[in-house]
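So the structure is just underneath, and the comments pick up after that.
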Amino acid sequence: MTGDAPVLQAVSLRVGYGDVQVCAPVDLSLAAGELLAVVGPNGSGKSTLLRALLGLLEPLGGRVTAFGREVDERQPAFRARVAGVLDDDAYFPALTVREHLVLTARGHGVPRAGAVVDGLLDRFGLSDHAHAIPTSLSSGQRRRLLLAAGFARPRELLVLDEPEQRLDPAMRTDLARLLVDEARSGVAVLFATHDQGTAPLDPEPQDPHPGDPRGPLPRLVADPREQLTTGELRALTRAAAVARSGAGGLQLLTEVGYVVVSVVLAAGLLLGVSGMARDVLVAPVTPTQAVLAPGTVQLLATLAVLALGAGLAVRLGPLGVSSAGVRWWVSTPVDRRGLLRASWWRAVALGVVAGAAALALVAQVSGAGPGQTLADAALGAAAGLVVVAGAGLVQPSAAVAAATIRVADVALATVPVLGGLLVVTGAAARASLPTSPLLVVALAAAGSALAVRWSARTDLGAGMLRARSAVADHTGGAALSLDVRELGRALGRADRPARRSRSAAFGWVGGPVGVLLAADGALLLRSPAALAQVVGLGTLLLVAQQLPAFTGGPVLLLLVLAVAGRAAQVAAGGARSAELVPALDALLPLGARATRLARTVWPAAAALVTLVVGTVPLATAGAGTEPLWFALAVPAAAVLGAAAVRAAYRRPPNWAGPLLATPAGGVPMGALSLVTHGPDLALLGTLPLAAAVLVGTPTWTVVGVQVALAAVALVVASRVRAVGSGG
């Protein structure tokens with residue numbers, strides 16, 4: 001089964017993630033007609049190796065060539081000759097099994113695609129499920145569908161990742177015959193498996209199909225006249241989806257009307273909230289009151305919006321397709337830039353519209369008139385174009401994108417620090433947002449130039465598109481379910497490097513509690529964005545009290561609790577990691593309660609920093625109350641730390657319960673866990689602090705009650721549910 005020149009060759013190939021190598025360097029050479037198995041246990045790096053060989057993952061070192069050229073899966077010519085069957089289990093929600101296979105065959109220019117697909121459905125035992133939606137199939141049936149897709153296209157190199165998984169014995173035997181047939185017909189076949197017993201797959205039986213009249217599958221050859229263009233590929237998918245939905249004109253009008261009404265209601269709600277905020281922020285003041293000028297508030301809010309927008313744009317990746325699109329479109333030999341053109345236009349439009357709306361809203365909150373609001377909207381549109389185009393340009397490089405996210409996060413967190421500097425230097429009363437027409441034109445020109453350059457660099461790799469679709473899917477699901485914890489995980493990318501210049505000795509650490517505190521502390525202190533957030537949140541409390549509305553009363557109370565609670569959440573990364581990977585809590589000889597109590601230390605410390613900084617104006621306003629305020633802040637911070645840990649360990653919401661009627665529509669009762677596990681403890685446990693803020697002066701009695709509630713909060717947060725308990 002050996003050909004001449006190698007179809008696939010790897011020399012000293014090192015693969016892994018970040019800088020972490022997952023297996024020894026690999027050298028291999030695979031010629032046409034050869035069948036090669038990569039055998040190893042789970043976790044040995046087989047899948048990572050295959051992804052690197054297919055160009056889906058950047059290798060750490062070495063060289064990979066296919067057909068005598070460096071592997072570049074962005075090239076249509078490469079995708080036209082290589083078929084990969086990995087574990088990418090994603091499907092278009094409205095397309096049937098048969099439609100998915102037809103999409104693959106026609107995308108690769110296979111003549112008589114319908115007849116070819118019918119033969120594959122029969123061979124893989126899917127004929128009875130041809131018109132089923134893939135998500136309704138069993139795990140084994142979906143695996144057969146993915147395998148059938150690999151055989152529904154022309155190929156000179158066939159790469160499969162554990163093709164035998166989730167298959168019954170009969171299907172495994174038939175798959176072995178098919179792979180032998182592939183090699184006999186001149187295809188280079190490479191597959192990975194962890195089962196040494198199935199590794200050879202009986203590579204050279206004398207009669208590969210004893211008693212099986214079906215024989216080998218037909219060799220497919222692409223016909224350029226049958227090759228779909230990008231537009232035709234999208235149109236075929238869209239037409240099948242529309243036909244499956246059965247949507248008529250009346251239903252379409254109804255859905256459009258629903259969207260219009262929803263947008264109008266959302267706009268009305270935003271305008272109402274902005275009006276209330278404007279009444280608070282631009283309230284008349286006396287000359288003796290410390291105050292931030294509306295122009296300063298607008299400047300700071302604008303900087304925060306731009307930093308937040310930049311971070312979100314890079315995290316979500318402006319360019320991309322759905323998970324199903326990555327699986328069924330991206331592998332076809334169409335022009336990928338054309339495939340992403342619609343995404344490019346959507347991203348540009350969203351950046352312009354979102355930027356204009358955000359800065360117009362900030363202008364309204366700051367008390368600007370209609371003319372100034374329009375000017376700010378124009379500035380926002382230009383700035384939004386710059387942000388989204390810049391995010392698009394850094395998207396192809398994971399390292400640059402990660403660095404950009406860190407910079408944006410730190411910039412967002414330091415906006416309050418800038419406000420504090422303006423207050424200290426006396427510039428808070430005269431700073432304002434520049435909105436000259438010249439600046440708008442300059443930003444628009446710069447954004448247009450960046451967008452044009454970006455449009456020429458939209459040929460993203462499949463690995464990047466796959467990662468982007470995973471983040472987008474995770475973010476969408478978390479937002480739809482109102483799960484803030486999952487939303488943070490979806491948008492969170494590590495702001496720590498994969499390697500450090502040196503490792504800490506931790507010579508001062510002793511005992512399991514010390515180890516836990518050191519690990520959680522390293523997680524916080526080695527994250528510049530997290531540290532900047534804690535400092536920025538504390539400064540925000542100081543700066544906000546320069547506005548009359550935040551000098552006392554319920555508004556200040558809500559701000560204090562929200563900001564200090566957020567600081568505690570930022571520092572509760574260790575607890576969130578342990579909830580996601582429970583084995584982390586079992587690594588040390590420490591009881592479950594003690595573990596959770598130890599994990600409250602860093603969140604409580606972060607909350608204490610913000611509370612101490614934020615209560616400075618309150619303490620200085622009342623002579624002799626400084627010790628009382630600071631004594632009150634310590635147990636209150638313990639409550640907020642406990643609340644953050646309780647929220648981190650809460651179970652995912654149960655969406656199967658009855659609906660609760662709300663002004664925004666029905667909400668499952670299970671979603672109440674979002675506010676009953678964490679926020680409940682924070683609100684009830686800080687009642688003494690609330691009373692002191694509302695009255696303006698704490699007492700030692702209030703401090704004592706706060707200490708007692710802190711002890712209760714720690715007991716509640718460290719409670720571990722029994723297995724099977726719903727509590």
With rounding to the nearest 0.5 angstrom, report the [atom1] to [atom2] distance, [X] to [Y].
{"X": "F92", "Y": "T237", "atom1": "CZ", "atom2": "OG1", "answer": "4.5 Å"}
{"X": "Q395", "Y": "M464", "atom1": "CD", "atom2": "CE", "answer": "6.5 Å"}
{"X": "T173", "Y": "E164", "atom1": "OG1", "atom2": "CD", "answer": "12.0 Å"}

Between [X] (side chain) and [Y] (backbone), is there a donor-acceptor pair under 3.5 Å?
{"X": "R234", "Y": "L339", "value": "yes"}
{"X": "S397", "Y": "V394", "value": "no"}
{"X": "S29", "Y": "P6", "value": "no"}

Return yes when atom [atom1] of [X] has more than 12 non-hydrogen atoms of other residues, nucleotides or ligands closer than 6.0 Å, and no otherwise.
{"X": "R166", "atom1": "CZ", "answer": "yes"}
{"X": "R106", "atom1": "CZ", "answer": "no"}
{"X": "R112", "atom1": "CZ", "answer": "no"}

- Does a donor on one side chain sit under 3.5 Å from an acceptor on the other, for D161 and S47?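 The criterion, which ignores hydrogens and geometry beyond distance, is satisfied for S47 and D161.
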Taking the basic N atoms (NZ, or NE/NH1/NH2) and the acidic carboxylate oxygens, is any pair closer than 4.0 Å for [X] and [Y]?
{"X": "R123", "Y": "D174", "value": "yes"}
{"X": "R81", "Y": "E156", "value": "yes"}
{"X": "R63", "Y": "E70", "value": "yes"}

- Please test W329 against L233 for side chain to side chain contact (heavy atoms under 4.5 Å, CB included), starting from the C-alpha separation and ending with a verdict. CA-CA 8 Å; W329 286 347; L233 188 66; 3.5 Å; yes
- Would you call E162 and K46 a side-chain contact if the rule is heavy atoms closer than 4.5 Å?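 The answer is yes, as the side chains (C-beta and beyond) meet within the 4.5 Å cut-off.
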- Task: Name the orientation class of the two ring planes belonging to Y91 and H100 (parallel below 30°, tilted from 30 to 60°, perpendicular beyond 60°).
- Result: perpendicular
